[in-house]
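Take a look at the structure set out below.
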Amino acid sequence: MLFEDFLLDPTLLESLKAMGHNKPTTIQQQTIPLAMEQKDILARAPTGTGKTASFLLPAIQHIIDFPRRFGGQARVLVLTPTRELASQIHRYASHLATDLDLDIAIITGGVPYAPQEEALKKNVDILVATPGRLMEYLDKGQFNAEEVEVLVIDEADRMLDMGFSAVVETIAIESVGRKQTMLFSATLEGSDVGRFSHQLLKDPVKVEAEAPRSEKAKIHQWIHNADNKEHKFALLCSILKQEDVKRAIVFVKTREGVASLEGLLQAAGIPCSFMRGDMEQKQRFQALGKFIKGEVNVLLATDVAARGIDVDDITHVINFDMPRSADTYVHRIGRTGRAGAKGTAISLVEAHDIRVVGKIERYTDQPLKRRFIKDLRPKNKEAKPPGKNKVKPGSKTYSKKNKKKK
């Protein structure tokens, strides 16, 4: 299948060629034809599968097919959980619409209000926004959602994690002229996403795209057992100094942990930048910019700070601290192995992490290989996952259980 098969405007096809997109990905093949028919869509689309084009191409085509006579506020509204992701979608939309006379705006928190307020006074065809800041303008009467025809909710599972469900529902209710809603999520498991989609979508077509081998993230995953923090840091330094580590994200559990690890790595002669949830937007962009430009090849981040990071060519994801849940692990490692490229995910595991290792192996339905680094082998055996306490014969609990059986 080719992009020409979707009957897209020639200008869009030219933009796709200029961007190097010659063939639609699996999620695009499944979603675009349905979206062009203005059907509501509920899609599971893992990171790196090309989902942004899945909603932007049909949305822009809709604007081309049905031009409005007078200027006004947003006809297409894309809601996304983070500033970084909003910036990436805005940039992608601008590239697609290079030769089209469209006004594309972005509204996010962490930046001055004045330029955004000025943008909302002008014509807007496509608006990419984070829910919190947009809700402020809705409350002030500076944004009117009545002209929204196509509503896109991207990264819905992250949206829920960040507590935006009520805000998104309010914005959706205010979009009284809505003709189509598309909801994309990396995972559809769990009642929260199901309830969320049920309230926002009308008779949706469900799309679950399993990418073929050519698109699947070829992520090699393994763990190194660590005796303690010092041993774990030595393992990290050894890994980061390997030649094949071209660009790595290192995940740390807390903001304090990020600051501590950054200092230790700098002292060990390993340059790095870091992102924490409490950083100002300017600092975040500076840290991410150094990483993208290659000024440093290591980025330290907490899960909150890393939301929305979409950087190509990440060769390694390293879990210095293990995540609290299996789905967070999947989100983390999805930042490597993008668009069919090979990637590596390495986890540094202390004894107390064994429980979550088991959860991850069950969730992903694959074992995590154990590997060793010469001269850094652990001195202790791998801890056993905690099991249920067995009731010993002769104890009070044992007697009570036997009475019940009788």
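These values consider heavy atoms only, across backbone and side chains, with no hydrogens, waters or symmetry-generated copies.
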Taking only residues two or more places apart in sequence, or in another chain, which ones meet R377 in a salt bridge (charged side-chain N to carboxylate O under 4.0 Å, His left out)? none

Salt bridge or not between K39 and D203? Use side-chain N to carboxylate O under 4.0 Å. no

Taking all non-hydrogen atoms of both residues into account, name the closest pair between S15 and L96 and its distance. OG-O, 2.9 Å

Run the side-chain hydrogen bond (donor to acceptor under 3.5 Å, both in side chains) test against Q116 and tell me which residues pass, sequence neighbours left out. R133, Y137

Without hydrogens or angle criteria, can the side chains of N225 and E382 be said to hold a donor-acceptor pair below 3.5 Å? yes

Give the minimum heavy-atom separation between L200 and L183, together with the two atoms involved. CD1-CD1, 4.4 Å

Fit a plane to each ring of F6 and F3, take the angle between them on a 0 to 90° scale, and name the class: parallel (under 30°), tilted (30 to 60°) or perpendicular (over 60°). perpendicular

Taking everything shown except R68 itself, do over 12 heavy atoms lie less than 6.0 Å from its CZ? yes

Would you give the length of the straight line joining atom CZ of F184 to atom OG1 of T80, rounded to the nearest 0.5 angstrom? 12.0 Å

Salt bridge (Lys or Arg N to Asp or Glu O under 4.0 Å), that's the test. Do D154 and K51 meet it? Break it down for me. CA-CA 9 Å; D154 192 22; K51 64 182 170 62; 2.8 Å; yes

Hey, are R370 and E361 close enough for a salt bridge, meaning a charged N less than 4.0 Å from a carboxylate O? yes

Under the 3.5 angstrom rule, does the side chain of T130 hit a backbone N or O of T82 as a donor-acceptor pair? no

Could you check whether Q142 and Y113, counting side-chain N and O atoms only, form a donor-acceptor pair closer than 3.5 Å? no

Heavy-atom side-chain contact between F233 and L348 under 4.5 Å: no

